[in-house]
Amino acid sequence: MIKSYVAAAASVLMLTACNHGSQNSEITDSSAPVEVFRHDSTPEFSVVYRIPAIASVKAGPHEGRVVALNDYRYCGSDIGFGRIDLYQSLSDDLGTTWTAPGHMRDSVGNPVAQGTGEGDFETSLQHPDAGFGDAAIVSDRETGKLLVLSVCGYTPFGKATRENPNQVARWYSSDGADSWTPYENITEDIYTLFDGKVPGNKVKSMFFGSGRLCQSSRIKVGDSYRIYGAITGRTDGATCNWVLYSDDFGKTWAVLGGPMIPAVPEFGDEPKVEELPDGSVVIAARSARGKRSYNVFTYSDAAKAEGTWDNHVVTDCGTGININACDGEILIVPAVNDSTGTDCYVALQSFPFSEQREKVGLVWKEIPSAGPYAPSMFETWQGSFELTPLPSGYSTMVQLNDGSIGALYEEETHVRTRGRAYCGVFRRVTLDEITGGKYKAKK
């Protein structure tokens with residue numbers, strides 16, 4: 001069973017912490033939880049939030065700003081069941097305080113990710129703006145420009161066909177999320193990557209894994225560092241995970257390793273992708289049967305994106321329990337081993353520490369600074385850190401500009417209704433806290 005480390009309280013910083021049962025509502029240390037997106041079933045906060053996404057602006061005048069996104073689910077369910085908006089909240093002090101949640105807007109204040117709720121399955125193609133959800137976000141490391149992708153429309157994942165698919169939306173911001181471009185529908189740009197090239201001939205439905213898109217710190221082709229997004233796609237025979245990559249910051253995409261060889265070829269579910277220290281790529285996906293799936297792509301020619309996937313593993317991450325089938329984030333950060341003073345890397349993976357959706361936390365381990373890497377390295381972990389003891393679900397993480405880790409996760413802070421009363425809660429923790437003093441993060 002995994003062991004949790006609990007950070008000690010220090011000094012009072014602010015008065016907007018979550019109300020966690022009998023706990024004091026004051027924030028007592030830098031890693032106390034902050035309620036960013038509130039749902040408590042009162043008239044003012046009656047719409048439920050789901051599916052967190054997070055980014056830290058990497059450059060420019062808004063460098064260090066934290067951008068949090070969540071589904072604002074008027075329909076109370078996934079894409080294909082009614083209106084969903086994307087809401088955002090911004091922090092310029094590493095997550096201590098946040099702006100009031102609201103729409104993503106263009107330069108003159110018009111909402112650009114506001115669902116209409118119009119349509120039905122049969123007319124979904126005519127209503128791509130019925131709803132927007134499951135956002136994934138990244139900030140360019142040189143310019144600070146933001147990219148967001150989401151699923152959109154009125155087609156449920158399990159009912160979609162190639163002729164009536166889940167649709168894909170894209171937005172950009174060049175001013176730290178103060179304003180966004182109008183949404184662009186890039187559905188055919190993505191689906192045609194697979195037509196006639198996969199087992200079963202086509203992908204019938206798909207979506208990008210929500211949370212954090214990954215940008216390489218090592219591979220730059222032309223003017224841009226490579227970015228990665230992992231997808232879940234349903235063919236005639238299986239639900240699989242692939243990794244897509246872009247060398248022009250999301251304008252065009254290709255399939256890493258080719259469409260015929262999925263990174264996770266069976267029981268694929270909500271995936272995340274991260275870069276390993278040598279530029280290799282790891283996919284980590286929610287899986288069935290109380291497990292998580294991992295695979296590693298090793299480049300033979302990074303500039304040409306040539307290489308091969310290993311054989312994926314399905315694991316309980318060393319917990320000894322059936323992990324709840326829940327979306328979580330993988331994050332790898334440069335670090336220093338406190339006992340030796342040597343540079344290294346630490347991998348983090350978040351998920352509920354339970355067979356139920358509760359006790360979201362993260363496991364951690366040191367990983368080698370050089371490859372080759374194998375999927376099996378993610379079957380065991382050194383330790384763990386619990387983010388919340390409460391009922392909780394999806395989670396995502398990003399490294400902030402001071403080196404600390406910003407986690408955004410779903411939590412039933414006020415109401416217990418089995419996943420239908422989630423708030424979006426942010427918690428900032430240091431690698432030193434997470435690992436019990438064994439490692440410190442490098443920026």
Note to self: Looking only at side-chain N and O atoms, does Glu63 offer a donor or acceptor that is under 3.5 Å from a partner on Asn401?
What the structure shows: no
Note to self: Going by side-chain contact (heavy atoms from CB on, under 4.5 Å), Gln167 matches just one of Ile190, Val151, Ile186, Leu125. Which one?
What the structure shows: Leu125
Checklist line | Side chains of Thr232 and Phe207 in contact at under 4.5 Å (non-hydrogen atoms) | finding: yes
Notebook entry, point to check: Is the number of heavy atoms from other residues, nucleotides or ligands within 6.0 Å of CG (Asp223) greater than 12?
Noted result: no
Check: Can we say Lys202 and Asp195 salt-bridge, meaning some charged N sits less than 4.0 Å from an Asp/Glu carboxylate O?
Finding: no
Item checked: Ring centers of Phe121, Tyr154 separated by less than 6.0 Å -> no
Item checked: Option among Tyr299, Phe297, Tyr294 that satisfies the ring-ring contact (aromatic ring centres under 6.0 Å, His included) test with Trp309 -> Phe297
Check: What are the two closest non-hydrogen atoms of Val112 and Tyr183, and how far apart are they?
Finding: O-CB, 3.8 Å
Notebook entry, point to check: Quick one: are Val360 and Pro352 in side-chain contact, heavy atoms under 4.5 Å?
Noted result: yes
Next item on the list: Flag the pair Arg428 and Asp93 as a salt bridge only when some basic side-chain nitrogen lies within less than 4.0 angstrom of an acidic carboxylate oxygen.
Entry: no
Checklist line | Charged N-O contact under 4.0 Å between Arg292 and Glu270 | finding: no
Check: CH2 of Trp364 to CG of Leu331: how many Å apart, nearest 0.5 Å?
Finding: 15.0 Å
Check: Quick one: NZ on Lys204 to OG1 on Thr161, what's the gap to the nearest 0.5 Å?
Finding: 8.0 Å
Notebook entry, point to check: Is there a donor-acceptor contact under 3.5 Å linking the side chains of Asp327 and Ser210?
Noted result: yes
Notebook entry, point to check: What are the two closest heavy atoms between Tyr191 and Met206, and how far apart are they?
Noted result: OH-N, 3.1 Å
Note to self: Tell me whether Arg427 forms a cation-pi arrangement with Tyr409, defined as NZ or CZ under 6.0 Å from the six-membered ring centre and within 45 degrees of its axis.
What the structure shows: no
Margin query: Less than 4.0 angstrom from a charged side-chain N to a carboxylate O is my criterion; do Asp134 and Arg73 meet it?
Written below: yes
Item checked: Lys272 (side chain) donor-acceptor with Gly328 (main chain) under 3.5 angstrom -> yes
Margin query: Under 4.0 Å between a side-chain nitrogen and a carboxylate oxygen: does that hold for Glu410 and Arg357?
Written below: no
Checklist line | Inter-residue atom distance Asp189.CG - Lys251.NZ, 0.5 Å rounding | finding: 13.0 Å
Notebook entry, point to check: Looking at Phe249, is Lys145 sitting on its ring face, NZ or CZ under 6.0 Å from the six-membered ring centre and within 45 degrees of the normal?
Noted result: no
Note to self: For Lys359, I'd like to know if atom NZ has over 12 heavy atoms of other residues, nucleotides or ligands within 6.0 Å.
What the structure shows: no
